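The analysis underlying the following values was restricted to heavy atoms, covering all of them including side chains, and did not include hydrogens, waters or symmetry mates. These numbers were taken from a predicted model, which means no experiment stands behind them.
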Amino acid sequence: MSRRGEVLVAIVNNQQDWATLTVSAKQHARDHHWYRIPVDSVERLLKRHWAPKWLAFYQTKAFGEEAYAIHYYAAIANIHKVSRQALFPDESPNEKSHKLYYKLDLEPLQLRPHPITSQRYRRITFIPITFEQLMTAKEVSGLLSKS
């Protein structure tokens, strides 16, 4: 049975992070198959809909023709609570080093046959939805009204 929150739509806002070897959640999702979400964000925004089985990516204006749409999604293989320092051991120690994150280990990304587009160019953080919504939605506003 589907439940809201089995899929979490997350924002991807930087093309360079998605495509190059930089320290970012988006690049890791594509090349290393993991994504991070701050534990405090889950506790503030997602507590009722945690833990997801799937992660989908809403791409912002940095993606040109793919902007303002959900093109990719992936199954979540495992979720761990880790420090930022553990996620990015090469990062110089700073005030965020001990911040806690959920590390979502992902299966390979899958491309939707047709993107879920947004007619109103909006910024989102997270949208908890069902897998059925991910497979059948045509417009982001429909996901927002049901989440």
Side-chain angles (χ1 to χ4, degrees), residues 3-112 115-131 133-135 137 139-147:
R3 69 166 175 83
R4 183 173 298 136
E6 71 184 341
V7 178
L8 183 62
V9 178
I11 192 169
V12 180
N13 59 17
N14 188 305
Q15 176 74 23
Q16 184 178 11
D17 288 347
W18 184 259
T20 63
L21 296 175
T22 61
V23 177
S24 79
K26 283 67 75 178
Q27 177 266 330
H28 286 288
R30 190 190 69 187
D31 298 334
H32 300 288
H33 304 292
W34 64 269
Y35 187 85
R36 73 180 188 277
I37 300 175
V39 168
D40 61 343
S41 292
V42 170
E43 292 172 356
R44 279 185 299 108
L45 305 169
L46 302 169
K47 187 184 289 190
R48 289 184 10 209
H49 303 293
W50 193 254
K53 294 180 181 181
W54 298 85
L55 192 63
F57 299 95
Y58 176 78
Q59 297 168 281
T60 63
K61 70 179 179 178
F63 288 83
E65 290 184 17
E66 287 192 333
Y68 304 109
I70 300 165
H71 294 271
Y72 303 95
Y73 66 100
I76 297 171
N78 211 340
I79 299 175
H80 310 275
K81 192 185 282 189
V82 298
S83 70
R84 182 178 181 90
Q85 187 174 20
L87 288 173
F88 305 111
D90 297 335
E91 185 176 78
S92 298
N94 59 59
E95 68 279 353
K96 294 182 179 181
S97 295
H98 297 290
K99 188 173 180 173
L100 292 177
Y101 291 84
Y102 285 107
K103 178 185 177 196
L104 288 68
D105 296 322
L106 304 176
E107 298 293 329
L109 292 182
Q110 298 180 50
L111 179 63
R112 282 183 39 86
I116 302 171
T117 59
S118 179
Q119 300 306 312
R120 297 179 60 209
Y121 304 126
R122 57 182 87 236
R123 298 252 334 180
I124 63 159
T125 306
F126 301 108
I127 307 171
I129 62 173
T130 67
F131 190 77
Q133 287 174 297
L134 176 66
M135 292 296 107
E139 223 286 319
V140 170
S141 64
L143 301 176
L144 292 169
S145 64
K146 296 175 183 172
S147 66

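In summary, of the residues considered (Leu8, Asp105, Leu106), a side-chain contact (heavy atoms from CB on, under 4.5 Å) with Ile76 occurs for Leu106 alone.
Here the closest non-hydrogen pair linking Gly5 and Pro128 is CA-CB, 3.7 Å. For the pair Ile79 and Pro52, the tightest heavy-atom approach, listed with the atom from each and the gap, is CD1-O, 4.0 Å.
Atom OG of residue Ser41 and atom CZ of residue Arg36 lie 10.5 Å apart, to the nearest 0.5 angstrom. Between His71 atom NE2 and Thr117 atom OG1 the span is 8.5 Å, to the nearest 0.5 Å. Taken to the nearest 0.5 Å, the CZ atom of Phe57 stands 12.0 Å off from the CD1 atom of Ile11. How far CG of Leu134 is from CD of Glu6: 9.0 Å, rounded to the nearest 0.5 Å. Atoms CD1 and NZ, on Ile37 and Lys81 in that order, are 13.0 Å from each other to the nearest 0.5 Å.
Pairs passing the salt bridge (charged side-chain N to carboxylate O under 4.0 Å, His left out) check and including a residue from residues 52-65, sequence neighbours excluded, do not occur.
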For residues 92-101, run the donor-acceptor check on the side chains, cut-off 3.5 Å, and write out each pair with its distance to 0.1 Å, sequence neighbours left out.
| residue | atom | partner | partner atom | Å |
| --- | --- | --- | --- | --- |
| Asn94 | OD1 | Lys96 | N | 2.7 |
| Asn94 | OD1 | Ser97 | N | 3.3 |
| Asn94 | ND2 | Ser92 | O | 3.1 |
| Ser97 | OG | Asn94 | N | 2.8 |
| Ser97 | OG | Asn94 | O | 3.1 |
| Tyr101 | OH | Arg84 | NH1 | 2.9 |

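Within the 4.5 Å cutoff, side-chain heavy atoms of Tyr102 are placed close to those of Val42.
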Val12 and Tyr72: side chain to side chain contact (heavy atoms under 4.5 Å, CB included), yes or no, with the steps? CA-CA 11 Å; Val12 180; Tyr72 303 95; over 6 Å; no
Run Val9 and Ile116 through side chain to side chain contact (heavy atoms under 4.5 Å, CB included) and show every step you take. CA-CA 11 Å; Val9 178; Ile116 302 171; over 6 Å; no
Does the side chain to side chain contact (heavy atoms under 4.5 Å, CB included) test come out yes or no for Val140 and Ile127, once each step is laid out? CA-CA 10 Å; Val140 170; Ile127 307 171; 4.3 Å; yes
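Using cut-offs of 30° and 60° on the angle between ring planes, the pair Phe131 and Trp54 is tilted.
At least one donor-acceptor pair closer than 3.5 Å links the side chain of Glu139 to the backbone N or O of Gln119.
Partners of Ala86 by side-chain contact (heavy atoms from CB on, under 4.5 Å), not counting sequence neighbours, listed by chain and number: Val82, Ser83.
Counting non-hydrogen atoms of neighbouring residues, nucleotides and ligands closer than 6.0 angstrom, the CZ atom of Arg44 exceeds 12 such neighbours.
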